[in-house]
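We're numbering straight along the sequence, starting at 1. No hydrogens, no waters, no symmetry mates; every other heavy atom, side chains included, goes into these values.
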Amino acid sequence: MSGIAVGLEKGHVVTKRELTPRPSSRKGRSSTKTKFVREVVREVTGLAPYEKRIIELLRIGCDKRALRLAKKRLGTHVRAKRKREEMSDVLRKK
């Protein structure tokens with residue numbers, strides 16, 4: 001920082017202020033309480049029929065077909081990939 005009027009580092013020389021993080025920067029991060037509640041709900045309610053079908057497809061080795069089914073049910077490719085991974089984790093734990 002040179003403080004001269006032209007160039008990349010132009011302008012008045014100031015020190016950068018350390019700002020506290022805004023609440024909006026936390027958005028989307030799950031808390032331990034929420035995680036626990038979701039776990040309990042999953043345990044009580046079990047799997048949806050389409051999730052059982054995805055597990056069945058993964059069991060016989062049709063990963064692509066499982067992804068297609070998840071995409072049809074959930075709407076987006078990213079959500080489908082996440083759901084397929086989640087169901088493969090459930091399958092591994094059994």
inquiry  = In this structure, would Leu47 and Val44 fall into the same cluster of hydrophobic residues linked by side-chain contacts under 4.5 Å?
reply    = no

ask   = Roughly how far, to the nearest 0.5 Å, is the CZ atom of Arg17 from the OG1 atom of Thr20?
value = 9.5 Å

query = Taking only residues at least two apart or on different chains, which pairs with a member in residues 61-78 satisfy salt bridge (charged side-chain N to carboxylate O under 4.0 Å, His left out)?
reply = none

ask   = Are Arg59 and Glu56 side-chain neighbours, meaning at least one heavy-atom pair lies under 4.5 Å?
value = yes

Positive for salt bridge (Lys or Arg N to Asp or Glu O under 4.0 Å) with Glu86, one of Lys93, Arg79, Arg42 = Arg42

query = Could you give the distance from CZ (Arg84) to CD1 (Ile54), rounded to the nearest 0.5 Å?
reply = 10.0 Å

request  = Quick one: pull up CG in Leu67 and NE2 in His77 and give me the separation to the nearest 0.5 Å.
outcome  = 5.5 Å

Backbone of Ala48 reached by a side-chain donor or acceptor of Glu51 within 3.5 Å = yes

request  = Taking all heavy atoms of Tyr50 and all of Leu74, pick out the closest pair and write down the distance.
outcome  = OH-CD2, 3.5 Å

inquiry  = Working to the nearest 0.5 angstrom, can you tell me the gap between Leu58 CG and Leu69 CG?
reply    = 10.0 Å

query = Quick one: does Thr45's side chain have a donor or acceptor within less than 3.5 Å of a partner on Val41's backbone?
reply = yes

